[in-house]
Every structure is written in C-alpha cells, then in structure tokens.
Amino acid sequence: MNAKRKDYLSWDEYFMGIAMLSGMRSKDPNTQVGCCIVSQDNKILSMGYNGLPNGCSDDEYPWAREGDDPLETKYVYAVHSELNAILNYGGGSLKGAKIYVSLFPCNECAKAIIQAGIKEVIYDCDKYEDTASVIASKRMMDSAGVRYYQYHRTGREVKIKL
Ligand SMILES: O=c1[nH]c(=O)n([C@H]2C[C@H](O)[C@@H](COP(=O)(O)O)O2)cc1CO
Ligand SMILES: [Zn+2]
C-alpha cells in the first residue's frame, strides 16, 4: 500500500464539480448556473451562481421566464453566476484566470470576463448556442483572445451524503 490512489478527481472534474455544486444554490426553477474561477496555478479564487442582488428577496421577486410585463420576469433582476463570481472576488486581480461554468456565458458575462482579464472559459452546457447572445459572446471572446472549450464529461458520479 505505498502507491497513491488512482481514482482521485482530476483538476477539471474538481473545478467543474464545484461549479455544478455552486449552481445547486440557485433559486431559479428553470436554469441553475454555477461557476468557479481558478488561478493559473489551480487555486480557487471565487465562485458564483445565478441569483438576485443583495437585499432583493428571493420570495418577493418573480422567477417567471415569460409575461406580458417584463418587470414580472426574472430577466431584469437576476445576476448571472459569472458576474456574481467576478464581483464577489475580494482579492484583487483576476488577470490570467480560468472560469469553469456550467452554461456558456452570455454576451454580458463575456464582457465582464474579458474586462476582468480572465483568459480561459471551460463550459459544460451550450444550450443557447444559436442565440444572438451566445454568438456575440463567442465573437467578443475570439477578438479578445479568451479561449473557450467544452468540459469533457467523464461520466463519473460523485456521491456526497449531506
Ligand atoms: O451566462 C449566463 N449565466 C447565468 O447565470 N444565467 C442565468 C440567468 C437566469 O437565471 C438563467 C437562465 O434562465 P432561462 O434558461 O430560464 O432563460 O440562467 C444565464 C446565462 C446566459 O445564458
Ligand atoms: Zn450571463
């Protein structure tokens, strides 16, 4: 028994797992997004999930996707996971960092990612790839030299008893 364990989590599994776990904090009934920002030397710098701004009650604001009145939908209120993670970081610069995120970042998050100096995006789902938002996001990241690639799912199931 002097050899190391072989079934430990890879870095990618570890960080995407943390992104997904963070997403489980989201109150959004339709799409829960989580992310994890990591330094170039694999230290976790910040995490986030989609939710309302501080002081705005989850119970008082709407979580609907559609409605005659845009003020009764979530879209005008929710803070995206990536923006939350960037804004919550208290440690200074995110230059050169990587972001693991469970859903491809929208155009607004792409702007924040680029301006924060994040250089790599590792995403899982890309269900909005045909929307103007994601097409614009990829265009801006291409121009700004932000690399993005899809997380390679390993199929590993992690069971945690809470
Ligand atoms: O980049 C993103 N990051 C992020 O956190 N979100 C959040 C906002 C909403 O709460 C939810 C999207 O909701 P829906 O799939 O029902 O349109 O995901 C959405 C995007 C863009 O797709
Ligand atoms: Zn976004």
Side-chain angles (χ1 to χ4, degrees), residues 8-59 61-65 73-131 133-134 136-138 140-141 146-162:
Y8 54 90
L9 293 177
S10 69
W11 285 120
D12 272 2
E13 286 175 324
Y14 179 44
F15 298 134
M16 188 55 85
I18 287 171
M20 289 172 172
L21 189 68
S22 302
M24 292 173 79
R25 280 278 308 151
S26 175
K27 318 299 183 307
D28 190 319
N30 191 56
T31 302
Q32 301 83 40
V33 186
C35 70
C36 175
I37 303 179
V38 179
S39 70
Q40 281 164 313
D41 58 347
N42 290 327
K43 291 186 178 125
I44 294 173
L45 302 175
S46 192
M47 285 168 266
Y49 57 89
N50 52 328
L52 293 169
N54 292 338
C56 303
S57 164
D58 294 320
D59 299 313
Y61 281 76
W63 284 106
R65 304 187 76 222
T73 74
K74 64 185 172 184
Y75 294 108
V76 288
Y77 306 110
V79 184
H80 288 192
S81 77
E82 305 91 310
L83 191 61
N84 258 333
I86 290 169
L87 295 175
N88 288 345
Y89 180 56
S93 173
L94 291 172
K95 280 195 172 52
K98 308 179 270 186
I99 184 165
Y100 287 76
V101 58
S102 59
L103 177 65
F104 199 96
C106 73
N107 61 317
E108 292 299 330
C109 288
K111 294 175 196 177
I113 287 168
I114 292 166
Q115 296 306 76
I118 293 171
K119 283 292 172 208
E120 209 164 285
V121 174
I122 303 98
Y123 64 94
D124 181 43
C125 170
D126 196 9
K127 64 177 175 174
Y128 294 129
E129 63 181 329
D130 296 328
T131 63
S133 165
V134 170
S137 173
K138 288 175 181 168
M140 288 188 283
M141 290 203 259
V146 174
R147 294 177 296 277
Y148 48 90
Y149 60 89
Q150 192 158 32
Y151 171 68
H152 174 75
R153 283 199 182 195
T154 61
R156 183 201 290 258
E157 282 190 34
V158 179
K159 209 184 226 172
I160 302 171
K161 193 165 186 179
L162 297 170

Validation row, ring centre Tyr148 to ring centre Phe104 under 6.0 Å: yes

Nearest-0.5 Å distance, NZ of residue Lys119 to NZ of residue Lys95: 9.0 Å

Nearest heavy atoms of Ala85 and Gly48, plus distance in Å: CB-N, 3.8 Å

Short N-O contact, Asp12 and Arg153, less than 4.0 angstrom: no

For Asp58 against Lys27, the heavy-atom pair lying closest together: OD2-CE, 3.5 Å

From OG1 (Thr31) to NZ (Lys127), nearest 0.5 Å: 3.0 Å

Side chain to side chain contact (heavy atoms under 4.5 Å, CB included) assessment of Val38 paired with Tyr14: CA-CA 11 Å; Val38 179; Tyr14 179 44; over 6 Å; no

Criterion side chain to side chain contact (heavy atoms under 4.5 Å, CB included) on Gln150 and Tyr123, from CA distance to verdict: CA-CA 5 Å; Gln150 192 158 32; Tyr123 64 94; 3.7 Å; yes

Residue pairs passing the salt bridge (charged side-chain N to carboxylate O under 4.0 Å, His left out) test where at least one lies in residues 105-118, sequence neighbours excluded: Glu108-Lys111

Side chain to side chain, Pro105 and Ile113, heavy atoms closer than 4.5 Å: yes

Flag side-chain contact, heavy atom, 4.5 Å: Asn42 against Lys98: yes

Ser46 side chain to Ile37 backbone, donor-acceptor under 3.5 Å: no

Atom pair OH (Tyr75) and CH2 (Trp63), whose distance is rounded to the nearest 0.5 Å: 11.0 Å

Minimum side-chain heavy-atom gap Cys106-His80 below 4.5 Å: yes

Residue pair Ser81, Asn50: steps toward the side-chain hydrogen bond (donor to acceptor under 3.5 Å, both in side chains) verdict: CA-CA 4 Å; Ser81 77; Asn50 52 328; 6.0 Å; no

Stepwise side-chain hydrogen bond (donor to acceptor under 3.5 Å, both in side chains) check, Tyr151 with Glu13: CA-CA 9 Å; Tyr151 171 68; Glu13 286 175 324; 4.9 Å; no

Worked check of side chain to side chain contact (heavy atoms under 4.5 Å, CB included) between Lys138 and Glu129: CA-CA 9 Å; Lys138 288 175 181 168; Glu129 63 181 329; 4.1 Å; yes

Test item: Leu103 and Asp124 side chains (from C-beta on) under 4.5 Å apart, heavy atoms: no

Contact check, side chains of Val146 and Ile118, non-hydrogen atoms, under 4.5 Å: no

Pairs where residues 85-94 contributes a residue and the test side chain to side chain donor-acceptor pair (under 3.5 Å) is met, not counting sequence neighbours: none

Side chain to side chain, Val33 and Tyr49, heavy atoms closer than 4.5 Å: no

Minimum side-chain heavy-atom gap Val101-Met16 below 4.5 Å: no

Neighbour count above 12 (heavy atom, 6.0 Å) for Asp41 CG: yes

Residues Phe15, Ile122; criterion side chain to side chain contact (heavy atoms under 4.5 Å, CB included); working and verdict: CA-CA 10 Å; Phe15 298 134; Ile122 303 98; over 6 Å; no

N/O donor-acceptor pair under 3.5 Å between Thr131 side chain and Tyr128 backbone: yes

Interatomic distance, Met20 atom CE to Gln32 atom CD [nearest 0.5 angstrom]: 12.0 Å

Check: Glu82 and Asn84 side chains under 4.5 Å, non-hydrogen atoms: no

Within 6.0 Å of OH in Tyr8, more than 12 heavy atoms from elsewhere: no

Closest approach of Ala19 to Cys35 (non-hydrogen atoms, all atoms of both residues): CB-CA, 3.7 Å

Between Ser137 and Asn107: side-chain donor-acceptor atoms closer than 3.5 Å: no

Nearest non-hydrogen partners of Leu52 and Ser57, listed with the distance: CD1-O, 3.5 Å

Distance in Å, Ile44 CD1 paired with Cys36 SG, rounded so as to fall on 0.5 Å steps: 4.5 Å

Spatial distance of atom CE (Met47) from atom CG (Leu21) [nearest 0.5 Å]: 9.0 Å

Residues, nucleotides or ligands: over 12 heavy atoms within 6.0 Å of Lys43 NZ: no

